[in-house]
Amino acid sequence: MNLIPYSEIKDKDFPIKSILNINANQFNRVNFIPGLATITFSGCRFTQVIITNFENIEFPDISLSFDHCYIEKLEVKDIHSQNIALLFGSTILSGNVESANLKNISFNNCILYQNIFLLNRKNIHITYTEENIFFFKWKKLLESISVKNYREILETTQAYYIHDSKCINYNTNENKTGKVGIYRRKYAMTRKKEIICGYYLTEKEKNLLNISLSIKFSQMLIMLMLK
């Protein structure tokens, strides 16, 4: 697949294996834009994604962002350049990430389709933030993969298997307004229609979540069950 810096690929289906190779030629005469994801996939559905990079790239930061996507199988192994980050937001995925050179990998409000293995990583960030649950975006994603009852997704066992990673951050930010369900976001008139409405989980929905972290450092194993 041809990757174009500062582009967005939106609402596409990739029914066969997709190889995303990040190379230096893609960044010739490209000016760095701080604070903006280098390549964004939004609302896309992948059967299999393989992310590769076989050379060093002279560019301040390179980030691949997956927003409200479905990735049945993710594979990341051959990463040579040390300025590449992977950002997964509100995405359903599973797979294997093994690369000591990958700068950062983050998961925000993601749901694991079975589990994910994160091996020899520098920085891992896992966050669940209720203020970033967008009702219409999630509705669109679940309908696109024929999920009729979202509770089935919530109660699926989700396991992060983390081996020999240097820095692991896990954070949650729960709704403290006392409200539950769909609500109109503040300043919604200035926003895109798809993010006008947010959603606050009920206590019953939160209790359905079945998330675990298995953290291994050489011979030491730590098991965390998270709610």
Side-chain angles (χ1 to χ4, degrees), residues 1-55 57-81 83-99 101-113 116 118 125-127 129 132-147 153 191-197:
M1 184 185 300
N2 184 31
L3 301 178
I4 302 173
Y6 302 114
S7 64
E8 180 182 20
I9 301 171
K10 190 171 183 178
D11 298 331
K12 298 291 186 181
D13 285 314
F14 299 91
I16 60 175
K17 178 170 65 177
S18 300
I19 299 176
L20 310 182
N21 182 40
I22 308 168
N23 61 68
N25 288 336
Q26 295 161 344
F27 294 87
N28 287 339
R29 300 181 181 179
V30 174
N31 294 320
F32 175 64
I33 304 176
L36 186 64
T38 315
I39 298 165
T40 299
F41 293 90
S42 180
C44 295
R45 292 157 297 278
F46 298 88
T47 299
Q48 183 180 10
V49 175
I50 300 175
I51 299 176
T52 60
N53 158 248
F54 300 108
E55 60 187 338
I57 301 174
E58 295 294 333
F59 202 73
D61 287 295
I62 300 170
S63 58
L64 269 66
S65 173
F66 296 84
D67 175 61
H68 290 84
C69 292
Y70 173 80
I71 304 173
E72 189 168 327
K73 185 177 181 181
L74 171 70
E75 293 183 29
V76 183
K77 190 171 183 179
D78 298 308
I79 301 294
H80 287 243
S81 197
N83 54 350
I84 296 174
L86 302 179
L87 316 174
F88 299 92
S90 300
T91 287
I92 301 172
L93 75 158
S94 67
N96 184 80
V97 179
E98 181 178 4
S99 175
N101 288 329
L102 196 63
K103 181 180 179 180
N104 176 50
I105 185 168
S106 68
F107 304 88
N108 175 248
N109 290 353
C110 288
I111 293 178
L112 300 184
Y113 174 77
I116 192 163
L118 306 171
H125 299 270
I126 302 170
T127 58
T129 53
N132 291 326
I133 299 176
F134 302 106
F135 177 79
F136 288 117
K137 278 195 167 188
W138 269 109
K139 183 176 183 292
K140 181 179 177 181
L141 173 59
L142 294 177
E143 288 178 349
S144 74
I145 58 174
S146 301
V147 173
I153 292 289
R191 297 177 180 272
K192 296 179 181 179
K193 181 179 179 181
E194 59 188 0
I195 58 175
I196 283 178
C197 291

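One is the number of the first residue; the rest follow in order along the sequence.
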Determine, step by step, whether Asn109 and Thr129 satisfy the side-chain contact (heavy atoms from CB on, under 4.5 Å) criterion, reporting the C-alpha distance in whole Å, the side-chain angles of both residues, the deciding distance to 0.1 Å, and the verdict. CA-CA 6 Å; Asn109 290 353; Thr129 53; 3.7 Å; yes
Look up atom [atom1] in [X] and atom [atom2] in [Y], then write down how far apart they are to the nearest 0.5 Å.
X: Thr91; Y: Tyr70; atom1: OG1; atom2: OH; value: 12.0 Å
X: Asn21; Y: Asn2; atom1: CG; atom2: CG; value: 10.5 Å
X: Cys197; Y: Ile133; atom1: SG; atom2: CD1; value: 13.5 Å
X: Ile79; Y: Phe54; atom1: CD1; atom2: CZ; value: 8.5 Å
X: Ser99; Y: Leu118; atom1: OG; atom2: CG; value: 11.5 Å
X: Asn104; Y: Asn83; atom1: CG; atom2: CG; value: 12.5 Å

Side-chain touch [X]/[Y], heavy atoms, less than 4.5 angstrom:
X: Ile84; Y: Lys103; result: no
X: Ile105; Y: Phe88; result: yes
X: Trp138; Y: Ile92; result: yes
X: Tyr6; Y: Phe32; result: yes
X: Ile22; Y: Leu64; result: yes

Parallel, tilted or perpendicular: ring planes of Phe46 versus Phe41, cut at 30 and 60 degrees: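 Phe46 and Phe41: perpendicular rings.
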Name of the residue among Arg45, Met1, Gln48 meeting side chain to side chain contact (heavy atoms under 4.5 Å, CB included) with Phe14: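 Single pass found, and it is Met1.
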Nearest heavy atoms of [X] and [Y], plus distance in Å:
X: Phe27; Y: Asn23; result: CD1-O, 3.4 Å
X: Leu87; Y: Ser63; result: CD1-CB, 4.0 Å
X: Ser42; Y: Glu8; result: CB-OE2, 3.2 Å
X: Glu55; Y: Ser81; result: O-CB, 3.6 Å
X: Leu74; Y: Ile116; result: CD2-CD1, 4.4 Å
X: Glu194; Y: Phe136; result: O-CB, 3.8 Å

With distance as the sole test, does Ser65 use its side chain to make a donor-acceptor pair with the main-chain N or O of Ala37 at under 3.5 Å?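 Such a contact is absent between Ser65 side chain and Ala37 backbone.
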Could you tell me whether the side chain of Ser144 and the main chain of Leu142 form a donor-acceptor pair under 3.5 Å?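 Checked: no pair found.
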Charged N to carboxylate O under 4.0 angstrom, Glu75 versus Lys73?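 Looking at Glu75 and Lys73, the cut-off is met.
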Go through the steps for Leu112 and Leu93 under the test side-chain contact (heavy atoms from CB on, under 4.5 Å), then give the verdict. CA-CA 5 Å; Leu112 300 184; Leu93 75 158; 4.1 Å; yes
Modelled atom types, side-chain donor and acceptor of Thr52 and Asp78, under 3.5 Å: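 Not at all, the side chains of Thr52 and Asp78 share no donor-acceptor pair under 3.5 Å.
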Return yes if a side-chain donor-acceptor contact under 3.5 Å exists between Asn132 and Ser90, otherwise no.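 No.
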Worked verdict on Asp67 versus Thr40 for side chain to side chain donor-acceptor pair (under 3.5 Å): CA-CA 7 Å; Asp67 175 61; Thr40 299; over 6 Å; no
